[in-house]
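Here is the structure we will look at.
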Amino acid sequence: MQILDGKALSQKITAHVAGEVKALKAEGITPGLAVMVVGDDPASHAYVGMKAKMCKNTGIYSIVHEMPDDISQEKILETIAMMNKNPNINGILVQLPLPSHIDEEAVLGAIDPTKDVDGFHPCNAGKLVLGMEGFAPCTPLGVMELLNEYNIDPKGLDACVVGASNIVGKPMMNLILNKFATVDICHIHTKDLKAHTSRADLLIVGVGKINLITEDMVKEGAIIIDIGINRNEEGKLVGDVDYANVSEKCSFITPVPGGVGPMTIAMLMQNTITAAKQRD
Ligand code: GUN
C-alpha cells in the first residue's frame with residue numbers, strides 16, 4: 001500500500017505558485033483573492049484563515065470580507081458586485097455554507113465566472129460537464145492532481161464516487177468521467193452502497209461520516225481517496241474511511257489529515273494565478 005501524500009504535493013504546488021506570483025509581479029500584476037465569510041461558524045473561519053495565510057505565503061494579495069450572520073442578501077450581492085468590478089481582485093470565493101435566509105444559488109450566480117476560482121458558478125459547472133476549459137472546484141481538482149502525481153490514470157477504471165454534493169461529488173464525477181473512468185455515483189438514497197463500492201478500482205468518498213467505508217466494502221488493490229473531514233470522540237481528525245483496516249487491503253490511500261485537505265487550498269492558489277493570467 002502506498003500513501004498518496006497530499007501534504008507533500010500541496011507544498012510542491014504552492015512553491016510553484018509562489019514562483020509564478022513573483023514572475024507576475026515582475027510584469028506589474030499582483031494576483032488578488034477576495035474571500036467572503038458570513039456568520040461565525042468556527043470551521044468556516046478556520047478554513048478562511050488557512051486560505052488567507054496561504055495567500056500571504058505565496059505572495060497573493062488577499063482580502064477577507066467578514067459579514068454578520070444576519071446580513072441581508074442585498075448587502076452580500078452588493079459586495080460581490082464591488083469585487084467583480086475591482087481590478088485588483090482576480091478571484092472571488094464565498095465560503096459555504098451560508099445562513100439559511102440567504103439564497104446560495106443567487107449569491108454564487110452573481111460572481112463573475114472569470115473570477116470564480118471555486119468553480120461554483122453554473123457557467124463553470126456547465127463547462128466542466130461539457131469538458132470545456134473553466135474553473136473546476138478545488139477539492140475534486142486536488143484529487144485529480146494527486147492521481148496525476150502518482151501516475152494513476154482514471155481511463156477505463158471502474159470508479160465509484162460516494163457523495164453527490166455540488167462542491168465535491170458531482171464535479172468529482174465529471175472530472176474522472178472526462179478522463180474516461182466508468183463512474184458510479186452514490187448518495188443517501190443508494191439502495192446497496194456496498195454493491196457499488198466493492199466493485200470500484202477507484203473509490204472516492206466525500207460524505208462526512210466516520211467509518212462509512214469499512215474493509216468489507218472495498219475491492220482488493222483498490223485506490224482509495226478519502227475526502228471526509230470529521231472529528232472522532234477523541235477530537236482527532238478522521239476521514240470517512242476506516243483507515244486502519246482499509247489500508248491493509250488497498251493499493252493507494254489518502255490519509256486524513258494530510259491527504260486531500262491540503263490539496264484544496266493549493267488548487268485555490270493555482271486557480272487564482274490562472275484567473276490573474278487570464279484577466280482582461
Ligand atoms: N465549504 C466547504 N468546502 C468549501 C469549498 O471548497 N469552498 C467554499 N467556498 N466553501 C466550502
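Nothing here was measured: the structure is a model prediction, and the numbers come from that model. Counting starts at 1 for both ligands and their atoms, following the listed order.
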Output all residues satisfying salt bridge (Lys or Arg N to Asp or Glu O under 4.0 Å) with Glu78, sequence neighbours left out; order by chain, then residue number. Lys75
Pairs flagged by salt bridge (Lys or Arg N to Asp or Glu O under 4.0 Å) wherever residues 136-153 is involved - sequence neighbours left out: Lys12-Glu149
For residues Gly59 and Val21, report the shortest heavy-atom separation together with the two atoms involved. O-CG1, 3.5 Å
Looking only at heavy atoms, which two atoms of Pro31 and Ile273 are closest? And how far apart? CG-CD1, 3.9 Å
By side chain to side chain donor-acceptor pair (under 3.5 Å) - contacts of Glu104 (at least two apart): none
Ligand 1: protein residues within heavy-atom distance under 4.0 Å: Lys51, Leu93, Val94, Gln95, Leu96, Asp118, Phe120
Give the intermediate values and the outcome of salt bridge (charged side-chain N to carboxylate O under 4.0 Å, His left out) for residues Arg199 and Asp184. CA-CA 10 Å; Arg199 59 187 293 276; Asp184 272 3; 3.8 Å; yes
